[in-house]
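Residue numbers count from 1 along this sequence.
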Amino acid sequence: MKLTVALLAFFAATASSATVPRASSKCHSIGSHYKGYLATFPGENPTKWVAVGLNKKDQVTYGASDPLFEECPKLPEDAPDVKWFKGRIIVSGSNNCVTVTNPNDPEGGPFFLAVKKCGDDVIPPASQQWEWGNDFGDVVFWVRSMPEATVIVQLPGEKKLMHPRGKSEGDEIGYTIDDNSNPVTESGTHRIELGCANSCSSFGIKPKSQLN
């Protein structure tokens, strides 16, 4: 099953969704350019995007899907002047969001995705906060907020905050790639893995015409 989604603020609202005025603090659609398929760009010399998908447990796998991105103005660092937004990804025609199932993994990943009921529509839960921008092409990342429980290491003359695998607050997390730039998936389930401890790449939201 393809996962059609919309970045609330990046993608157009679905037929059943009303577009909320920009002045609203709620997450809202920002136009038809931001609706399409949540996709990867695999391989060393890719020519087509490959959409991710959903299995029978609503887990996101390496396959196909259909997304919508909505902007959430109350999230920090919203920067519309450079077309850089923070928001959430909604599955078209529903109140379900693309969600990281283990956002507080103490080992720093891998992280996994599923489709779950959307949380607050002003400040979405950390597991449903995504970022879209066009600084070097349209890119989509999960915005990882670190757990409050970090280890404080006392060094001579200073204190240093240590995060798992060197991560800091506000990390941009994409899908993990192998040596051939293909998405890494979990054995047996084909769930796509997220994490940037080694190498990762950003998602995209693309029309069907750009899919493999």
Query - All side chain to side chain donor-acceptor pair (under 3.5 Å) counterparts of Ser181, not counting sequence neighbours - result: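 Residues passing side chain to side chain donor-acceptor pair (under 3.5 Å) with Ser181: none at all.
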Report task. Check whether Ile192 and Phe112 end up in the same hydrophobic cluster, where Ile, Leu, Val, Met, Phe, Trp and Tyr are linked by side-chain heavy atoms less than 4.5 Å apart. Result ->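 Shared cluster, no.
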Query raised in the report: When hydrophobic residues are tied together by side-chain contacts of less than 4.5 Å, even through go-betweens, does Val91 share a cluster with Leu211?
Result: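 Per the 4.5 Å side-chain linkage, Val91 and Leu211 are co-clustered.
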Requested in this report: Let me see the working for Glu131 and Glu172 under side-chain contact (heavy atoms from CB on, under 4.5 Å), right down to the final yes or no.
Outcome: CA-CA 8 Å; Glu131 189 171 75; Glu172 297 170 337; 2.3 Å; yes
Report task. Applying side-chain contact (heavy atoms from CB on, under 4.5 Å), run through Trp130 and Val143 and close with a yes or a no. Result -> CA-CA 5 Å; Trp130 293 79; Val143 183; 5.7 Å; no
Looking at every heavy atom in both [X] and [Y], which two are closest together, and how far apart are they?
X: Val140; Y: Trp132; value: CG2-CD1, 3.5 Å
X: Pro42; Y: Pro183; value: CB-CD, 3.6 Å
X: Pro103; Y: Arg144; value: O-NE, 3.8 Å
X: Gly195; Y: Cys200; value: O-CB, 3.2 Å
X: Cys118; Y: Ile90; value: SG-CG1, 3.9 Å

Query raised in the report: Should the heavy atoms of other residues, nucleotides or ligands under 6.0 Å from CG of Asn180 be counted, would the total exceed 12?
Result: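 Result for CG/Asn180: enclosed.
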Query raised in the report: Short question: side chain of Asn182, backbone of Gly43 - any donor-acceptor pair under 3.5 Å?
Result: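 Flag set: sc Asn182 to bb Gly43 pair under 3.5 Å.
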Requested in this report: Using modelled atom types only, decide if a donor and an acceptor are shared between the side chain of Asp120 and the backbone of Pro124 within a distance under 3.5 Å.
Outcome: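 Not confirmed, Asp120 side chain does not pair with Pro124 backbone.
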Would you indicate whether the side-chain heavy atoms of [Y] and [X] approach each other to under 4.5 Å?
X: Ser201; Y: Tyr175; result: yes
X: Trp142; Y: Phe111; result: yes
X: Phe203; Y: Thr40; result: yes
X: Leu194; Y: Leu113; result: yes
X: Lys208; Y: Tyr37; result: yes
X: Val50; Y: Tyr62; result: yes
X: Asn104; Y: Asn102; result: no
X: Arg191; Y: Val60; result: no

Query - Residues that Lys74 engages under side-chain contact (heavy atoms from CB on, under 4.5 Å), provided they are two or more places apart - result: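 Expected list: Ser25, Val122, Ile123.
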**Report entry** From CA spacing to verdict: side-chain contact (heavy atoms from CB on, under 4.5 Å), Asp121, His28
**Finding:** CA-CA 9 Å; Asp121 60 0; His28 58 270; over 6 Å; no
Report task. Kindly write out the residues that satisfy ring-ring contact (aromatic ring centres under 6.0 Å, His included) with Phe41, not counting sequence neighbours, or none if the list is empty. Result ->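 With neighbours one apart ignored, the set is Trp49.
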Report task. Find the distance between CG (Asn96) and CZ (Arg88) and round it off to the nearest 0.5 Å. Result ->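 It is 10.5 Å, given to the nearest 0.5 Å.
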Query - Straight-line distance of Lys86 NZ to Leu75 CG, nearest 0.5 Å - result: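 Spacing of NZ (Lys86) from CG (Leu75) equals 7.5 Å.
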**Report entry** Test side-chain contact (heavy atoms from CB on, under 4.5 Å) applied to Cys97 and Gln129, Gln128, Lys116, Lys117, the passing residue
**Finding:**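 Filter result, single survivor: Gln128.
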